[in-house]
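Take a look at the structure set out below.
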Amino acid sequence: MEKTLVIVKPDGVQRNLIGEIISRFERSGLKLVALKMMTADEKMVEKHYTLDPKWLENVGNKSIDSYKKKGLTPPTEDPVALGKEVLARLKKYVSVGPVIPMIWEGSQAVAMVRKICGGTEPLSAPAGTIRGDYTSESYQFADADERAIRNLVHASGSVEEAANEIDLWFDKKEIMDYRVIRDIIINDKDWKIA
Ligand code: ADP
Ligand code: MG
C-alpha cells in the first residue's frame, strides 16, 4: 500500500471544485486517510517545493521541453533560473487562500492519483483528468502574465516525494488507519462472495 499527498490548491477551493476533486479519488477505490483545510504561508510553500533538491532543475527542464515540443523558444535555457522564477510565483499562488491537503492510500496510489490529476499543464492534460477538464491554463499564458500555472491540484510525484510531503503537511495523529470492505474486493486474492 502507498500513501500520497493531494492538495486542492486555492483556485480549486475558490471554484467550488473541492467535492468534485474528492469524488474522483473516492470512486477510484483509493481510501481517504487524512484531510484538513488550512492556509499555507509563503515559507510553507517554499519548504514544500524544495523538499527535493532536484525540483528546481526538474521543473525548469520540464518547462523548457514543453516550449520546444510546441516549436516555441523558451524564455531561458537555464533550468535552475527558470525553476527559481516558478518557485517565486508558486509562493504567491498557493498562499493566496485556503487549501485542502489530504492523504489518499491504496495500491499504487501515487501513480493512480497522478493519472487522475493529469499532467502539469492543463491545456495538454487529457480530457477526463482534473486538470484537463476544469481549466485551459498553459505554460505560455502563465508566462505571459508572470504567474504560476493555476492547475487546481497538487499531487506527489513519487513514493519518496509523497513520504516527505506527508511529513511536512500532517502530524502522525492526523492520519487514520482503518479498514473498509473494498480493501478486500480490490486487493485480496482470496476474495469470495459467499
Ligand atoms: P506537478 O504539480 O505536475 O508535479 P511540478 O512539480 O513540475 O508539477 O511543478 C509544480 C507546480 O508549479 C505546478 O503544478 C504548477 O502549478 C507550477 N509550474 C510548473 N512549471 C511552471 C511554469 N513553467 N510556469 C508557471 N508555473 C509552473
Ligand atoms: Mg511536482
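Indexing begins at 1, ligand by ligand and atom by atom, following the structure's order. Here, residue 1 is the first one in the sequence, and each next residue gets the next number.
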(message) For the 3.5 Å polar cut-off, considering only N or O atoms, please tell me whether Y49 and ligand 1 meet it.
(response) no
(message) With respect to Y93, determine whether any N or O atom, backbone or side chain, lies less than 3.5 Å from an N or O atom of ligand 1.
(response) no
(request) Kindly assign one of parallel, tilted or perpendicular to the pair F25 and W104, based on the angle between their ring planes and the thresholds 30° and 60°. (result) tilted
(message) Evaluate H154 for polar contact with ligand 1, using N/O atom pairs at a separation under 3.5 Å.
(response) no
(request) Apply side-chain contact (heavy atoms from CB on, under 4.5 Å) to W55 and V86, showing your working. (result) CA-CA 11 Å; W55 179 85; V86 172; 4.2 Å; yes
(request) Report the part of R131 (side chain from C-beta onward, or backbone N, CA, C, O) that has a heavy atom under 4.0 Å from ligand 1; answer both or neither where that applies. (result) side chain
(request) Could you tell me whether the side chains of T129 and K115 share a donor-acceptor contact shorter than 3.5 Å? (result) no
(message) Counting only heavy atoms closer than 4.0 Å, does ligand 1 sit against the backbone of N58, its side chain, both, or neither?
(response) neither
(message) Just to confirm my output: which protein heavy-atom neighbour is closest to atom 22 (C) of ligand 1, and how far is it?
(response) V86 CG2, 3.5 Å
(request) Examine the proximity of ligand 1 to T120 and report which part, side chain or backbone, both or neither, has a heavy atom under 4.0 Å away. (result) both
(request) Any salt bridge (Lys or Arg N to Asp or Glu O under 4.0 Å) involving residues 141-152? Give me the pairs, sequence neighbours left out, ordered by first then second residue. (result) R89-D143, E137-R147, D145-R147
(message) Geometry only, no angles: is K9 polar-contacting ligand 1 at N/O separations under 3.5 Å?
(response) yes
(message) Below 4.0 Å, non-hydrogen atoms only: which portion of Q140 touches ligand 1? Side chain, backbone, both or neither.
(response) neither
(message) Does this structure show an ion pair linking E174 with K36, if we count only N-O contacts that are shorter than 4.0 Å?
(response) yes
(request) List the steps and the verdict of side-chain contact (heavy atoms from CB on, under 4.5 Å) for V8 and V99. (result) CA-CA 6 Å; V8 181; V99 294; over 6 Å; no
(message) For R24, is there an ion pair with D133 - N to carboxylate O distance below 4.0 angstrom?
(response) yes
(message) Any nitrogen or oxygen of I149, side chain or backbone, less than 3.5 Å from one on ligand 1?
(response) yes
(message) Tell me whether Y139 has any N or O atom under 3.5 angstrom from an N or O of ligand 1.
(response) no
